[in-house]
Amino acid sequence: MSGITTGNSSTYEPLSSVYWGGDHLVLLDQRLLPEEIVYLKLSTPEEVWEGIHSMKVRGAPAIGIAAAFGAVLGGILYEADDSEGWLQQVVKTCAYLATSRPTAVNLFWALDRMKLAAEKLAADKLDTAALNAALLAEAEAIRSEDEEVCRRIGENALPFFKDGMGVLTHCNAGGLATAKYGTALAPMYLAHEQGLNIKVFADETRPVLQGARLTAFELQQAGIDVTLLADNMAAMVMSKGWIQAVIVGTDRVAANGDVANKIGTYGVAVLAKAHGIPFYVACPLSTIDLNTKTGADIPIEERPAEEITEGFGKRTAPQGVKVYNPAFDITPNEYVTAIITEKGVVQAPYHESLKSLFE
Ligand SMILES: CSC[C@H]1O[C@H](OP(=O)(O)O)[C@H](O)[C@@H]1O
């Protein structure tokens with residue numbers, strides 16, 4: 001894996017988080033933002049696994065897109081010219097990439113789609129060069145569909161945001177978490193294009209600081225009014241009347257409408273309800289998992305203690321202290337005002353309304 005430094009963040013261009021570079025995957029190393037913009041070239045499934053696991057690429061849709069291209073790399077590295085052996089290699093690569101992170105369902109959705117595509121392609125007995133080209137087209141389709149899906153999420157969310165509103169968001173569900181536009185931030189971009197003045201309040205989102213490092217960065221560079229908050233300030237700004245809506249992304253929505261999202265989301269949802277503020281969740285259908293009954297069934301990733309005890313290289317806790325570092329929490333569906341998707345907006349009772357999105 002090698003880096004291409006394109007300069008510092010003062011020359012910011014709209015950034016792509018993940019794209020195919022001809023014969024390799026290109027990832028923006030999001031761990032280095034906002035100070036450095038470094039694009040990495042990844043040529044093996046192992047490098048893609050590590051890129052997802054270490055959060056060089058993060059955000060449910062972006063993780064799925066990266067994994068899809070990782071499956072393509074698995075096929076490209078298969079040297080023989082037999083379709084059955086090629087298929088076995090792609091399927092094995094998908095199973096391997098599925099172990100990189102446990103919570104975002106888009107990872108498994110994308111890999112299942114790549115496996116299905118590979119099975120159909122292998123049945124046609126093409127040579128491996130043709131098989132790899134066709135599988136690459138499937139990964140590119142996943143990426144380009146995500147751009148269109150996020151734009152439609154933005155359009156469906158926009159009516160909830162009026163000129164002059166204050167909106168709080170948690171973590172990063174922007175262009176950096178997807179192929180482009182983002183989910184929760186998509187309406188912010190559209191509102192800005194239409195001349196609406198939405199004041200965004202971004203939680204810093206400890207311990208990895210996606211809000212401070214990514215959301216504040218994205219929105220500031222786009223010229224959108226953004227104020228950065230420490231994670232313990234949401235209650236106060238709500239009590240001051242500065243917030244008229246909360247919108248967040250998600251990594252998995254259970255069949256009953258319970259929502260897995262970045263740690264701290266549940267607390268923001270409880271605060272929103274206590275202040276009579278609507279709490280919206282924005283996501284593509286690929287993040288809705290009807291096979292997972294409730295939030296209790298969603299696996300919650302636990303991450304290294306060092307993210308809390310010495311985040312970004314500065315030790316802020318005693319050596320050997322016990323640490324609990326879940327990367328996500330579950331917001332029960334009763335705190336979710338509406339779920340906004342590319343197919344439309346649904347509200348409780350979510351058992352029925354979520355199913356209707358797939359009919
Ligand atoms: C549009 S999905 C964004 C979602 O993913 C983030 O998690 P992570 O940064 O650990 O990948 C966070 O939960 C965001 O809401």
Side-chain angles (χ1 to χ4, degrees), residues 17-18 27-31 33 51-67 100-110 143 146-147 149-154 157 168-189 202-218 231 246-253 258-269 279-289 295 298-304 307-308 311 325-331 336 339-342:
S17 58
V18 52
L27 278 192
L28 171 63
D29 187 343
Q30 297 191 35
R31 300 173 313 168
L33 290 174
I52 294 170
H53 186 73
S54 65
M55 295 175 67
K56 291 185 177 74
V57 60
R58 35 63 52 196
I63 289 172
I65 295 164
S100 53
R101 291 185 79 186
T103 306
V105 71
N106 298 65
L107 173 66
F108 312 106
W109 170 85
R143 186 189 186 287
D146 183 71
E147 281 195 26
V149 159
C150 288
R151 194 181 58 75
R152 296 215 303 264
I153 289 170
L168 185 138
T169 190
H170 190 72
C171 198
N172 173 258
L176 292 169
T178 65
K180 198 172 183 181
Y181 305 122
T183 55
L185 296 189
M188 306 300 113
Y189 288 118
D203 284 347
E204 63 181 344
T205 315
R206 282 188 55 75
V208 182
L209 304 181
Q210 291 91 328
R213 296 187 305 106
L214 307 178
T215 294
F217 173 73
E218 276 195 47
D231 285 332
V246 175
I247 187 166
V248 298
T250 175
D251 296 80
R252 191 181 311 210
V253 180
D258 291 346
V259 168
N261 197 48
K262 184 53 50 196
I263 187 72
T265 302
Y266 176 30
V268 169
F279 180 88
Y280 301 119
V281 175
C283 72
L285 265 59
S286 52
T287 306
I288 297 169
D289 179 7
I298 299 176
I300 299 295
E301 177 185 14
E302 287 196 36
R303 293 192 61 84
E307 288 183 353
I308 294 177
N325 184 21
F328 301 96
D329 61 21
I330 301 296
T331 298
V336 179
I339 298 175
I340 303 168
T341 77
E342 69 275 27

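All ligand and atom numbering here is 1-based and tracks the order in the structure.
In plain terms, the two heavy atoms of Pro304 and Asn325 that are nearest each other are O-ND2, 2.9 Å. Of all heavy-atom pairs between Arg101 and His53, the closest is CG-CA, 4.2 Å.
Contact between Met55 and ligand 1 is present, with at least one heavy atom of the residue lying under 4.0 Å from the ligand. Contact annotation: Ala327 has no heavy atom less than 4.0 Å from any atom of ligand 1. Between Arg101 and ligand 1 there is a heavy-atom distance shorter than 4.0 Å. Contact between Thr183 and ligand 1 is present, with at least one heavy atom of the residue lying under 4.0 Å from the ligand.
Listed by number with element, the atoms of ligand 1 under 4.0 Å from a non-hydrogen atom of Gln210 are 8 (P), 9 (O), 10 (O). Residue Pro61 has at least one heavy-atom neighbour below 4.0 Å for each of these atoms of ligand 1: 1 (C), 2 (S). Near Ala60, meaning under 4.0 Å from any of its heavy atoms, are these atoms of ligand 1: 2 (S), 5 (O).
For the pair His170 and ligand 1, the shortest N or O to N or O distance does not fall below 3.5 Å. Inclusion of Gly59 in the set of residues having an N or O under 3.5 Å from an N or O of ligand 1 is warranted.
Between the side chains of Thr250 and Asn261, no donor-acceptor pair is found at a separation under 3.5 Å.
Within the 3.5 Å criterion, the main-chain N or O of Thr205 finds a donor-acceptor partner in the side chain of Asp231. The backbone N or O of Gln30 sits less than 3.5 Å from a side-chain atom of Arg213, completing a donor-acceptor pair. Side-chain atoms of Asp329 come within 3.5 Å of backbone atoms of Tyr266 as a donor-acceptor pair (strictly under, hydrogens ignored). Under the 3.5 Å distance criterion, the side-chain polar atoms of Thr178 are left unmatched by any main-chain donor or acceptor of Ala173. Not one N or O on the side chain of Thr287 forms a donor-acceptor pair closer than 3.5 Å with the backbone of Arg252.
Among all non-hydrogen protein atoms, the one lying nearest atom 12 (C) of ligand 1 is Cys171 SG, 3.3 Å. Here the protein heavy atom with the shortest distance to atom 15 (O) of ligand 1 is Asn261 OD1, 2.5 Å. For atom 13 (O) of ligand 1, the closest non-hydrogen atom of the protein is Asp251 OD1, 2.5 Å.
Proximity annotation for atom 10 (O) of ligand 1: of Lys262, Glu301, Arg58, Lys262 comes nearest, heavy atoms only. Of the candidates Asn172, Asp329, Val259, Leu107, it is Asn172 that places a heavy atom closest to atom 3 (C) of ligand 1.
Here the CG atom belonging to Leu107 is positioned 5.5 Å from the CD1 atom belonging to Ile52, to the nearest 0.5 angstrom.
A 4.5 Å side-chain heavy-atom check between Val268 and Phe279 finds at least one atom pair inside the cut-off.
Proximity of Val208 to ligand 1, defined as any heavy-atom pair under 4.0 Å, is not found for any part of the residue.
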